[in-house]
Each structure stands twice: as structure tokens, then as C-alpha cells.
Amino acid sequence: MIILVINCGSSSIKYQVLDMKNDNEYSLLAKGILERIAMPMSKLTHKPTGKTPVVMEMPVADHKIGMRIVLDALVNPEYGVISSFSDIDAVGHRIVQGAEYFDKSVLVDDEVIRKITVCCDFAPLHNPAHLLGIEAVSNVLPDVPQAVTFDTAFHQTMAPEVYMYALPYQYYKKYGVRRYGAHGTSHQYVSQRGAALAGIPLDNSRIITCHIGNGSSVTAIRNGKVVDTSMGFTPLEGMIMGTRCGSIDASLVPYLMKKENKTPDEMTALMNKESGFLGMSEGVTSDCRDLVDRREAGDERARLILAKLVLDITKLVGSYVAEMNGVDLIVFTAGIAENNPWLRRDVSANFAYLGAKIDEEVNAVARGSETIISTPDSKVKIAMIPTDEELVIARDTMHLVEDLRK
Ligand code: AMP
């Protein structure tokens with residue numbers, strides 16, 4: 001089954017085409033990104049498997065035209081990967097916010113569109129773009145079934161005392177103010193892969209997954225179900241990130257707004273786009289690679305930021321150990337945790353009191369493929385698992401379409 005996986009942002013369309021035989025047998029035919037939609041010049045980077053990548057620049061007025069350009073690239077005689085649009089069996093979309101409406105992936109229909117539209121209120125930068133993507137596909141491929149996979153769905157098992165804020169209850173009833181979490185697709189995937197690799201039965205397990213990338217979150221998973229996660233009403237809550245501040249004293253919000261004469265939107269931008277690595281480095285970088293290079297060159301600020309990164313992860317993991325009364329497996333994933341052995345080592349060292357022991361040699365070279373990085377006698381298993389959210393979306397889409405065909 002050929003599945004097109006789409007991740008639409010406000011000015012971009014990321015895509016992958018997977019040929020799915022079953023859950024475990026599949027091949028990636030192509031992936032790419034169309035960026036800067038509705039700007040003077042857009043850029044398509046198309047990477048067909050086994051062929052030379054293509055980079056093209058052209059004006060793209062909107063997502064509908066953008067989707068057509070992506071599909072044209074897929075059927076191009078030179079760098080395409082399928083012979084016609086009719087080869088595409090289904091399209092799966094990543095959706096950032098599904099709130100309490102969705103605890104699993106579903107096929108798109110009018111009611112699903114209505115609920116995703118309601119959720120735009122919680123994810124104003126993301127959900128409207130996802131809806132544009134669904135509409136664009138409907139226009140170009142009207143007969144192809146579409147499915148949606150939600151970043152929040154995996155976290156819907158959290159108990160009320162975990163997801164409620166101690167704010168007046170009426171705001172939960174009136175506006176749905178509560179913790180929803182994010183990165184759920186990634187936490188689900190790496191927890192399942194990690195458990196399988198470590199030989200731990202998922203239905204009798206306590207797993208903590210650390211998704212540490214440009215956006216970062218940590219999740220506690222007991223018996224395959226989320227107990228707690230660090231992101232909240234929006235992805236701002238939790239730990240330090242590339243450009244987000246993570247959890248701060250809420251009193252700082254009105255304080256800084258008054259001092260700096262900022263509007264709510266400007267304050268939201270400050271906390272989401274101008275903080276974290278970028279803000280603490282005074283605008284130098286939001287990229288962990290630069291911070292590591294600078295720390296190695298003796299830069300004190302870079303040392304401070306990376307020390308805070310390790311501390312924030314440690315505090316979250318520690319609190320989740322307490323919430324689950326122990327931990328069997330800690331999993332590291334996403335750009336920063338997959339590529340920085342020192343980070344995995346430093347965080348794991350803080351759990352030596354639980355008997356967690358990292359294998360320094362294995363950890364130092366673990367990159368790109370699933371690896372157990374703890375020693376055989378470690379009381380807590382530790383794994384590095386490259387995340388693959390697109391694969392989860394493709395699998396869910398395949399299952400939904402198979403059911404539809406029955
Ligand atoms: P993600 O959001 O998962 O794509 O992760 C992005 C983050 O991963 C950035 O802060 C990068 O600096 C970091 N990263 C990606 N590749 C590497 C690498 N090879 N070495 C160190 N950090 C990396």
C-alpha cells in the first residue's frame with residue numbers, strides 16, 4: 001500500500017512516501033519539504049530513494065498549489081517514485097492538537113474536520129495549516145482516503161490529577177484549559193521499540209522516554225499507557241528547548257509584559273521563539289551543535305545552557321521515577337539525544353542511585369540505529385532509539401484503510 005505522509009506547517013509541506021507491505025516490512029520511496037509557501041520564492045527539496053536529490057525554487061501562492069507541486073515531483077519521469085497519482089492508496093496527516101476529541105488516529109470526514117477546526121484555538125500556528133493540507137489533498141486527490149494522527153492522542157490516558165492545572169475549574173469547563181502534551185507519536189513509537197529491544201513486556205513496564213530535539217518533552221509510560229508528560233496546554237511547558245523557555249514562574253508573564261510593554265502575542269512569541277537556547281545565548285544560537293562546539297572552546301554561557309538542559313531532563317525523569325515507583329527503561333530520542341552521547345551519559349549518571357549504568361563505549365558510538373546503551377548488569381535499561389513519527393502515521397493510515405476496504 002503506497003501511503004503519502006504529510007506534515008503541513010503554516011508555510012511548509014513536509015512529506016514522505018512509504019510503500020507499506022505490513023507493519024514491519026516497508027520501504028521509503030521519497031521524502032522532501034516544500035518551504036516558504038506564500039513567500040516571494042518557495043523551495044522544494046525532494047529526495048527520491050536511490051536517485052539524485054532535487055532542489056527547485058519557484059513561487060508557490062498557497063498550500064493547494066504546493067500540494068500539486070509535491071505530487072508532480074512524485075510522478076516526474078526523471079526523479080519521481082510513482083507512475084501516477086492513482087498509485088497513492090491513502091494519505092496520512094500529522095495533526096498537532098486533537099484535544100479530548102481524539103485518542104487515536106481516524107479517517108477524515110466532515111465531523112473530524114469540524115473537531116480539528118475547534119482545536120485550532122489550542123494550536124493556532126499548527127492546526128489551521130494541517131486543515132489547509134487536508135483541503136489541498138482533497139482538491140488534488142478527491143477519491144483518496146485521508147487519515148489523521150494526533151500528537152496529543154497518546155497522552156489521553158493521563159489521570160485528571162495529572163492533566164488538571166490548579167486554576168479555577170470553570171476554565172477547564174469553559175475553554176478546555178488542561179494539559180494535553182505533545183510529541184505523542186514519537187513517545188509511543190520509541191517506547192514500543194525500546195521495550196522490544198530491551199526484552200521488557202510492554203504490558204508490565206515502567207518506561208521514561210526523553211524526546212530531546214528542537215522541541216523537547218519527557219514522558220512517563222506505565223504498561224504502554226502515558227502516566228505523565230512534560231508538555232502541557234501547549235508545547236511551551238516543561239523543559240528548556242531550542243527557542244522555548246519551558247516552565248517558568250507564571251508571575252513572570254505579567255511582570256515582563258508590564259516592564260517591556262509587550263502585548264499578549266508579543267509575550268507568547270518571546271517565550272516560544274526568543275527563549276530557550278536562543279534567548280539564554282543572547283541570540284547566538286538555537287542549535288545544540290553550536291552550543292556543544294562553543295562549550296568545547298571554553299564558552300561559559302554555552303556550558304551554563306547545556307548544564308540547564310541536563311538538569312531539566314534529570315528533574316523530569318526523577319519526578320517520573322517517583323510517579324511510577326521506579327523505572328525499567330529510559331529511552332533517548334530525537335535530534336539532540338540521538339546525536340550527543342555526552343547528554344545521555346550525564347543524564348544517566350544522575351540515576352546511578354537506581355542502579356542505572358551506562359556502557360560508555362557502546363554509548364559513545366551509538367548513532368543512527370536502535371541501541372541498548374546500558375551495561376548488562378544495569379538495574380535500569382537505557383536505550384537510544386531513532387524516532388520515526390512518519391512510520392507510525394503510515395502504519396495507522398494503512399490499518400484504517402484496510403478496515404475501510406473490509
Ligand atoms: P530535531 O528537532 O529532533 O530535529 O532536533 C534538532 C536538534 O538536534 C538541534 O538542536 C541540533 O543541534 C541537534 N542535532 C541534530 N543533529 C546533530 C548532530 N549530528 N550532532 C549534535 N546535535 C545534533
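When a ligand or atom number is given, it counts from 1 through the structure's own listing order. Positions are given from 1 along the sequence. All heavy atoms count here, side chains included; hydrogens, waters and symmetry mates do not.
In this structure, the side chain of Ser374 does not engage the main chain of Lys381 through any donor-acceptor pair within 3.5 Å.
Between Thr285 and Asp287, the side chains place no donor N or O within less than 3.5 Å of an acceptor N or O (distance only, hydrogens not considered). Side chains of Arg345 and Asn363: a donor-acceptor N/O pair is absent below 3.5 angstrom, by distance only.
Considering both main-chain and side-chain atoms, Gly215 never comes within under 3.5 Å of ligand 1 through any nitrogen or oxygen pair.
For atom 12 (O) of ligand 1, the closest non-hydrogen atom on the protein side is Asp287 OD1, 2.3 Å. Among all non-hydrogen protein atoms, the one lying nearest atom 6 (C) of ligand 1 is Asn214 N, 3.6 Å. When hydrogens are left out, the protein atom nearest atom 20 (N) of ligand 1 is Asn339 CB, 3.4 Å; that is the closest non-hydrogen contact. For atom 3 (O) of ligand 1, the closest heavy atom belonging to the protein is Gly335 N, 2.8 Å. Considering only non-hydrogen protein atoms, atom 10 (O) of ligand 1 sits nearest to Cys288 N, 3.0 Å.
Put simply, the residue from His187, Glu338, Arg193, Glu370 that forms a side chain to side chain donor-acceptor pair (under 3.5 Å) with Thr333 is Glu338.
For atom 13 (C) of ligand 1, the nearest non-hydrogen atom from the set Leu291, Asp293, Thr285, Ile336 comes from Ile336.
The nearest pair of heavy atoms linking Ile37 to Asp62 is CG2-C, 3.6 Å. Minimum interatomic distance between Leu18 and Ala394 (heavy atoms only, all atoms of both residues): CD1-CB, 3.9 Å.
If you look at Thr387 next to ligand 1, there are no close heavy atoms at all, none under 4.0 Å.
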